[in-house]
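Computed over heavy atoms, backbone and side chain alike; hydrogens, waters and symmetry mates excluded. Every value quoted in this text rests on a predicted model; they were computed, and no experiment measured them.
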Amino acid sequence: MTTELNPEIGEPTETVTSGSVDPLTLVATGSEWWRSAVIYQIYPRSFADSDGDGLGDLAGITSRLDSLKELGVDAIWLSPFFTSPQHDAGYDVADYCNVDPRFGTLADFDTLLAASHAEGIRVIVDLVPNHTSWDHQWFQDALASPEGSPERERYMFRDGLGENGDTPPNNWESVFGGPMWSRITNPDGTPGQWYLHIFDISQPDLNWENEWVRAQFRDILRFWLDRGVDGFRVDVAHGLIKEDGLPDYTPPAEAGSMGGGAIPLEVEPEKLDDIPTPPYWAQDGVHEIYRDWNAVLSEYDGERVLCAEAWVEPLNKLARWVRSDEMHQAFNFTYLSANWSAEELRLVIDTSIASFATVGAPSTWVLSNHDVIRHATRLSLGPGHLQGDGIGPRDQDRPDPVAGVRRARAASAVMLALPGSAYIYQGEELGLPESIDLPDEARQDPTWFRTHGERYGRDGCRVPIPWEAGAPSYGFGPADAAWLPQPAGWDEYARDSQSGVPGSTLELYKLALVLRGENDLGFGRVEWLDDLGFGSDVLAFTNRGITVIANTGTTPVELPLEGLGELLLSSAPVTEAVLPPDTTVWLRAA
Ligand code: NOJ
C-alpha cells in the first residue's frame with residue numbers, strides 16, 4: 001500500500017487496494033460483492049415471530065429466508081439482537097457477544113447464518129460502539145468504582161458545574177430530547193459525577209480515547225468475524241469522538257437530531273474543514289478507529305464489509321468515512337432526504353457518485369430504515385419532518401396514501417437502477433406505509449418519552465410486517481397481537497396478497513432485482529439522456545443499456561417508445577406513449 005495525496009479531500013490517504021477510480025469518468029471500479037449489492041434490512045423484533053411472544057426472533061427470520069431468496073437480495077443486515085434491556089429496541093447493548101433470550105440463542109444465530117449462506121445470502125450484523133447499555137458490566141463496574149478509576153475512564157464521566165456540581169458539564173441536548181448528561185449517585189448515597197449519553201439515559205457513551213475500549217471492540221469484531229459474518233453496519237459512526245474540552249453547542253433549528261440537514265450537497269474541498277461541526281459529530285479522530293477496524297477485517301478472507309451509519313454532510317465530507325483504508329460503504333442519507341424531484345435527484349445522484357468515487361468507493365442508495373418515516377408515506381408529505389421525529393395523529397400534515405405508494409414505487413424503481421449498493425428496509429417491498437395512528441400507550445421509542453410526547457419518534461416505521469392476509473397478526477407470528485399494534489386494513493399489503501400478482505409492489509421489486517442482476521446494473525454507470533427533450537420534471541438516464549425514465553411532475557409526458565425500445569418494467573400502468581405522473585419505466589433498446 002502506498003500513500004498519496006487525494007485530490008478531492010486534500011489529505012494523505014492510502015491508495016486503493018482493491019477498488020480504484022477511473023480518472024476519466026470519476027467512477028469507482030472494483031469487483032467486491034458489496035459494491036453492487038442489494039442489502040435487505042431486517043429489524044428482528046418486527047420481521048417474524050416464531051414462538052408467539054409477539055416479538056420477532058432469529059428462528060422467525062430463518063423460517064422466512066425463502067421469501068428473501070425469492071425477492072432476490074444479496075445480503076441481509078440484522079438490526080441488534082444482542083443481550084439488551086431493550087430501552088432503545090436493542091441499540092442499548094448489555095453483552096456484545098451474546099443473543100438476547102427474547103431473540104433466541106447463539107445457536108439460533110449460527111443456524112440463521114448457515115441457512116443464509118446456503119441460500120447465497122450474506123449476513124451483516126449491527127455494531128453499536130458509541131454507547132453501551134447501562135446494564136453492561138463495564139458501566140456497572142464504572143458506577144461501583146471511584147472517580148478517576150480505570151473503570152470510570154471507559155465512559156464519559158465529568159464533574160458537574162456550579163458550587164454543588166449540580167449543573168450538567170455543558171448544554172448539549174440528547175438526540176432523543178432532554179439533556180445529554182445524567183448525574184449518578186455514589187455508592188454512599190451522595191450525588192456524584194455526570195455521564196454523557198448522546199441518546200437515552202440508559203445508553204452511556206463510551207470513551208473512545210481510551211485504549212482499553214478500543215481493544216474490547218477489536219475482540220468483538222473478531223468474535224463475529226470468527227462466527228462467519230460478512231460484515232458490520234456501524235451505528236452512529238460519526239459520534240465516537242467528541243471535541244476536546246466538550247464546548248457548549250446549540251444546533252441550528254434546521255439540522256436533524258443526528259446531524260446534517262443544513263449544509264449544501266458538496267463544498268469546495270479546501271473549505272470542508274471550515275463547516276461548523278457539532279462537537280459530538282464528525283470529529284476527525286473517528287477515522288483512525290475505522291482504519292484500525294479495516295485492518296482487523298483484512299485479516300479475514302471473503303470480502304468482509306463495514307458500513308457507516310454517519311449522518312454527515314456534505315457528501316464529499318462523508319466520503320472520508322469510505323477512504324480505502326477505512327469503511328467500505330456509508331449510508332447515503334442525503335439521497336434518502338432528497339425530495340421527489342427530478343432536478344434534485346439528479347444533483348444528488350451525480351454528487352454522490354462523484355464524491356465517493358474520489359476515494360474509490362461506490363455510492364449507496366437508501367430510501368427507508370427503522371429511524372425514518374417510511375417512504376411510501378414520506379414522499380406524500382410536505383417539508384419539515386425532521387429525521388427521528390416520526391408522524392402521528394396530532395400532525396396537521398396528513399399523507400396521501402395513494403400518492404405516497406405511487407411515488408414510493410417510482411422512487412424505488414429509480415434507486416434499484418443505480419450503480420452502487422442499494423438498501424431495502426423490510427416492508428418497503430410491500431409498499432408498506434408508516435403506521436401513523438398508533439395509540440399513545442403503545443408507543444415505545446425513547447424519543448416519545450424524553451420529549452413528553454412532543455415528538456412521536458420512530459415506532460410508526462417499526463410495526464411488525466404483514467405476511468398473510470386474514471391471519472392473526474397478519475402471519476407475523478402465532479400470537480394474536482404483536483409488540484406494536486398492527487393497523488386494521490393491512491391485508492392488501494400482506495406478502496401472500498401480492499406474491500404472483502402482476503403489478504403488485506412485491507412483484508415490481510422482484511422484477512427490478514432480476515433485471516438489475518441480469519444486467520449487472522450495480523456495476524454500471526449513469527449516463528444522463530438530455531437529448532430526449534423531456535422537461536425538468538423528468539429524470540432520464542441509461543445504465544448498461546437499460547433506459548430509466550421517471551416522471552416526478554404532476555402532468556403526463558409523452559414517451560417516445562418507438563425510439564427507446566422494449567418496456568421492461570413500469571412502476572405504474574403506462575399506456576403506449578404516455579408516462580403518467582409519479583411513474584418510472586425501464587426500457588431496453590431493441
Ligand atoms: C442509530 C440507530 O439507527 C437508532 O435506531 C438508534 O436509536 C441510535 N443510533 C442509537 O443507537
Side-chain angles (χ1 to χ4, degrees), residues 41-47 54-56 78-82 84-94 100 102-103 126 128 130-135 173-180 182 197-205 233 235-236 239 256-259 261 309 311 333 336 368-378 381 384-395 397 399 425-428 432-465 476 481-487:
Q41 180 189 356
I42 293 184
Y43 196 62
R45 51 173 45 231
S46 300
F47 187 71
L55 195 77
L78 303 167
S79 277
F81 51 80
F82 316 106
S84 159
Q86 305 289 320
H87 292 302
D88 184 21
Y91 281 94
D92 48 325
V93 181
D100 193 283
R102 297 170 184 87
F103 296 118
D126 216 310
V128 188
N130 179 68
H131 44 267
T132 68
S133 159
W134 60 10
D135 282 3
E173 284 254 331
S174 148
V175 165
F176 294 158
M180 222 188 249
S182 292
H197 50 89
I198 289 188
F199 298 93
D200 187 46
I201 182 174
S202 63
Q203 294 166 295
D205 275 47
R233 174 264 189 192
D235 192 61
V236 206
S257 50
M258 290 288 281
E309 188 230 10
W311 291 79
F333 294 125
L336 183 150
S368 281
N369 66 27
H370 66 293
D371 290 329
V372 301
I373 299 173
R374 282 184 174 277
H375 68 284
T377 296
R378 193 180 71 236
L381 294 173
H385 296 274
L386 290 180
Q387 187 275 327
D389 284 5
I391 180 169
R394 282 192 323 266
D395 276 295
D397 187 11
Y425 175 48
Q426 65 179 40
E428 71 170 73
L432 207 62
E434 185 85 356
S435 184
I436 294 179
D437 294 314
L438 282 172
D440 288 358
E441 58 281 8
R443 293 193 180 270
Q444 306 211 12
D445 186 342
T447 307
W448 167 257
F449 298 106
R450 287 184 62 87
T451 63
H452 309 287
E454 198 183 303
R455 287 156 54 190
Y456 284 107
R458 304 155 296 172
D459 291 315
C461 61
R462 299 174 172 182
V463 173
I465 60 173
F476 165 64
W483 71 278
L484 277 175
Q486 298 161 298

K.L.:
List in chain and number order the residues that pass ring pair (Phe, Tyr, Trp, His ring centres under 6.0 Å) with W134, two or more places apart in sequence or in another chain; answer none if no residue qualifies.
P.N.:
H87
K.L.:
Let me confirm one number: the CG-OG distance from D135 to S202, rounded to the nearest 0.5 Å.
P.N.:
8.5 Å
K.L.:
Any side-chain to backbone donor/acceptor pair from R233 onto D126? Under 3.5 Å, distance only.
P.N.:
no
K.L.:
According to side chain to side chain donor-acceptor pair (under 3.5 Å), who are the partners of T132, at least two apart in sequence or on a separate chain?
P.N.:
Y155
K.L.:
Could you tell me which residues satisfy side chain to side chain contact (heavy atoms under 4.5 Å, CB included) with R102, sequence neighbours excluded, listed by chain and number?
P.N.:
L55, Q86, D100
K.L.:
Using side-chain heavy atoms (C-beta onward) and a distance below 4.5 Å, is Y456 in contact with D389?
P.N.:
no
K.L.:
Determine yes or no for a side-chain-to-main-chain donor-acceptor pair under 3.5 angstrom, with S368 supplying the side chain and Y425 the backbone.
P.N.:
no
K.L.:
Please identify each residue that fulfils salt bridge (Lys or Arg N to Asp or Glu O under 4.0 Å) with R462, with sequence neighbours left out.
P.N.:
D371
K.L.:
Which atom pair, heavy atoms only, marks the closest approach of P80 to F103?
P.N.:
O-CE1, 4.1 Å
K.L.:
Are side-chain heavy atoms of P433 and P399 found at a separation under 4.5 Å?
P.N.:
no
K.L.:
Going by the rule side chain to side chain donor-acceptor pair (under 3.5 Å), which residues pair with D395 if we only count those two or more places apart in sequence or in a different chain?
P.N.:
none
K.L.:
Under the rule for ring pair (Phe, Tyr, Trp, His ring centres under 6.0 Å), what residues qualify as partners of Y91, not counting sequence neighbours?
P.N.:
H370
K.L.:
Got a second to check how far I391's CD1 is from I373's CD1, nearest 0.5 Å?
P.N.:
5.0 Å
K.L.:
Report the residues that fulfil side chain to side chain donor-acceptor pair (under 3.5 Å) with D92, sequence neighbours left out, ordered by chain and then residue number.
P.N.:
S84
K.L.:
If you round to the nearest 0.5 Å, how far is CZ of F449 from CD1 of I201?
P.N.:
14.0 Å
K.L.:
Let me confirm one number: the OG1-CD distance from T447 to Q444, rounded to the nearest 0.5 Å.
P.N.:
12.5 Å
K.L.:
For a quick test of reading the model, state the closest non-hydrogen atom pair linking R443 to P393 and the distance between them.
P.N.:
NH2-CD, 3.8 Å
K.L.:
So is R455 actually on top of W448's ring, under 6.0 Å and inside 45° of the axis?
P.N.:
no
K.L.:
Any side-chain heavy-atom pair from R378 and H385 closer than 4.5 angstrom?
P.N.:
no
K.L.:
Nearest 0.5 Å, please: how far is CG in N369 from CZ in R374?
P.N.:
10.0 Å
K.L.:
Side chains of H197 and S182: donor-acceptor distance under 3.5 Å anywhere?
P.N.:
yes
K.L.:
By side chain to side chain contact (heavy atoms under 4.5 Å, CB included), which residues pair with P446, not counting sequence neighbours?
P.N.:
D88, F176, D200, R458
K.L.:
Partners of A442 by side chain to side chain contact (heavy atoms under 4.5 Å, CB included), sequence neighbours excluded?
P.N.:
P439, P485
K.L.:
Do Q426 side-chain atoms and S46 backbone N/O form a donor-acceptor pair below 3.5 Å?
P.N.:
yes
K.L.:
For V463, what residues pass the side chain to side chain contact (heavy atoms under 4.5 Å, CB included) criterion, not counting sequence neighbours?
P.N.:
S435, L438, L484, Q486, P487, W490
K.L.:
Sequence neighbours excluded, which residues qualify as ring pair (Phe, Tyr, Trp, His ring centres under 6.0 Å) partners of F476?
P.N.:
none
K.L.:
Do R45 and F81 make a side-chain contact, defined as non-hydrogen atoms from C-beta onward lying under 4.5 Å apart?
P.N.:
no
K.L.:
Check F199 against S174 and note the closest heavy-atom contact, atom names and distance.
P.N.:
O-OG, 3.1 Å
K.L.:
Applying side chain to side chain donor-acceptor pair (under 3.5 Å), can you list everything that pairs with T377, at least two apart in sequence or on another chain?
P.N.:
none
K.L.:
Taking the side chain as C-beta and beyond, is there a heavy-atom pair between V236 and H131 under 4.5 Å?
P.N.:
yes
K.L.:
So how far is it from C461 SG to I436 CD1, rounded to the nearest 0.5 Å?
P.N.:
11.5 Å
K.L.:
Indicate whether any N or O donor in one side chain lies under 3.5 Å from an N or O acceptor in the other, for N130 and D235.
P.N.:
no
K.L.:
State, without any angle test, whether S133 and Q203 hold a side-chain donor-acceptor pair at a distance under 3.5 Å.
P.N.:
no
